[in-house]
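Take a look at the structure below.
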Amino acid sequence: MHQRPVLLVIAHGSRDPRHAATVHALVRRVRSRRPGLRVEIGFLDFNIPSVHGVLESLAEEGVRDVVALPLLLTRAFHAKADIPAVLRDAPPQLRIRQAEVLGPSPLLLRALERRLYEAGLTPAHKSTTGIVLASAGSTDPEAIAVIADIAHQWRHTGWCAVRPAFASAALPRTEGAVRELRALGCERVAVAPYVLAPGFLPDRIARGAAEADVLADVLGPAPEVARVLLERYDAAAALAPALAAVGA
């Protein structure tokens, strides 16, 4: 019987214990949506198990096929450099396919809106509310452009205005975008963190939201995020291993 590839979710890792707890909560939701799928977690830094350790264990068990899924919202440095480098060091008997990062996806916009509504907004507030789409930030121009494009698309769903903001490496900062939306005349301003888990940069976003009316929670284990994970897994699993091999 053909075995489905194991899904290895690759998370960044953090000294903040909330990060790993949130990753594990998301993976529990993924497992509940797809009970027959084996899902493992590996961390690039700070937390265990490491990606390399998980791959070694899988190889020792006799697993052959793995889909490695970066738990990232944009194709920045980690997706382009760090993760492929770690996967190239994997045991040679493993056939590894690297899935696409999670974003952009219409499902993630729905997850952002879910978090805003959980924080107290309603659809009736849309036309009078300005949104700060607050991401971690990146030195990668492609990643920055993607965030700006998401903000542009989201604006067309009925919000008063949507502005991107970045917690590091790029401008504006969250507090600057909040003030800009106030100056535009939006009745209320809400900050929507476009981040997956709590940590240092999400805390900076929260501090930058001090003058906003609403601060939504991180995306975390939102059901839409779990659905995107499985979409990315299915797309990668459908590819022939030779076509999707790391470094091919």
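All values below come from the heavy atoms of this structure, side chains included, with hydrogens, waters and symmetry mates left out. Positions are given from 1, in the same order as the sequence printed here.
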Could you tell me the separation between the [atom1] atom of [X] and the [atom2] atom of [Y], rounded to the nearest 0.5 Å?
X: Arg227; Y: Arg29; atom1: CZ; atom2: CZ; result: 12.0 Å
X: Glu224; Y: Leu102; atom1: CD; atom2: CG; result: 13.0 Å
X: Ile205; Y: Phe166; atom1: CD1; atom2: CZ; result: 10.5 Å
X: Leu7; Y: Leu229; atom1: CG; atom2: CG; result: 6.5 Å
X: Leu239; Y: Gln98; atom1: CG; atom2: CD; result: 12.0 Å
X: Ser138; Y: Leu72; atom1: OG; atom2: CG; result: 10.0 Å

On a heavy-atom basis, which atom in [X] and which in [Y] lie closest, and how many Å separate them?
X: Arg31; Y: Val39; result: NH2-O, 2.5 Å
X: Val225; Y: Ala111; result: CG2-CB, 4.3 Å
X: His19; Y: Pro198; result: CB-O, 3.6 Å
X: Ala209; Y: Thr174; result: N-CG2, 4.0 Å
X: Ala151; Y: Val162; result: O-CB, 3.5 Å
X: Arg232; Y: Ala99; result: O-CB, 3.8 Å

Test: [X] and [Y] ion pair at under 4.0 Å:
X: Arg15; Y: Asp45; result: no
X: Arg207; Y: Glu175; result: no
X: Asp65; Y: Arg4; result: no
X: Glu40; Y: Arg38; result: yes
X: Arg75; Y: Asp140; result: no
X: Arg115; Y: Asp217; result: no

Evaluate Phe43 against Ile10 for side chain to side chain contact (heavy atoms under 4.5 Å, CB included), listing each step before the verdict.
CA-CA 6 Å; Phe43 294 93; Ile10 300 180; over 6 Å; no
Determine whether a donor-acceptor pair (N or O, by modelled atom type, separation under 3.5 Å) exists between the side chain of [X] and the backbone of [Y].
X: Tyr233; Y: Pro5; answer: yes
X: Arg95; Y: Pro92; answer: no
X: Lys126; Y: Thr157; answer: yes
X: His125; Y: Thr122; answer: yes
X: Asp213; Y: Val189; answer: yes
X: Arg64; Y: Leu94; answer: no

Is it true that atom NE2 of His152 has more than 12 heavy atoms of other residues, nucleotides or ligands lying nearer than 6.0 Å?
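No - once you tally the heavy atoms of other residues, nucleotides and ligands closer than 6.0 Å, there are 12 at most.
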Does atom CD1 of Ile48 have more than 12 heavy-atom neighbours, drawn from other residues, nucleotides or ligands, at distances under 6.0 Å?
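No.
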Hydrophobic cluster membership, with links at side-chain heavy-atom distances under 4.5 Å among I/L/V/M/F/W/Y: are [X] and [Y] in one?
X: Val86; Y: Val63; answer: yes
X: Val51; Y: Val101; answer: yes
X: Val132; Y: Leu215; answer: yes
X: Val54; Y: Leu26; answer: no
X: Val228; Y: Ile41; answer: yes

Using side chain to side chain contact (heavy atoms under 4.5 Å, CB included), reason through Leu112 and Leu219 one step at a time and then give a plain yes or no.
CA-CA 7 Å; Leu112 286 165; Leu219 295 173; 3.8 Å; yes
Decide yes or no on side chain to side chain contact (heavy atoms under 4.5 Å, CB included) for Asp89 and Leu87, but give the supporting numbers first.
CA-CA 5 Å; Asp89 272 348; Leu87 297 180; over 6 Å; no
Does some side-chain heavy atom of [Y] sit less than 4.5 Å from a side-chain heavy atom of [X]?
X: Val9; Y: Val30; value: no
X: Asp203; Y: Arg18; value: yes
X: Tyr194; Y: Pro164; value: no
X: Leu71; Y: Leu196; value: yes
X: Glu187; Y: Thr129; value: no
X: Leu107; Y: Arg110; value: yes
X: Pro223; Y: Arg114; value: yes
X: Ser135; Y: Leu73; value: no

Do the ring planes of Trp154 and Trp159 sit parallel (below 30°), tilted (30 to 60°) or perpendicular (above 60°)?
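Perpendicular: the ring planes of Trp154 and Trp159 meet at over 60°.
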With under 30° as parallel and over 60° as perpendicular, where do the rings of His12 and Phe46 fit, or are they tilted in between?
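It falls in the tilted class, 30° to 60°.
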Run Leu133 and Ile147 through side chain to side chain contact (heavy atoms under 4.5 Å, CB included) and show every step you take.
CA-CA 8 Å; Leu133 178 69; Ile147 300 299; 4.0 Å; yes
Short side-chain donor-acceptor distance under 3.5 Å, Arg204 and Ser168:
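The criterion, which ignores hydrogens and geometry beyond distance, is not satisfied for Arg204 and Ser168.
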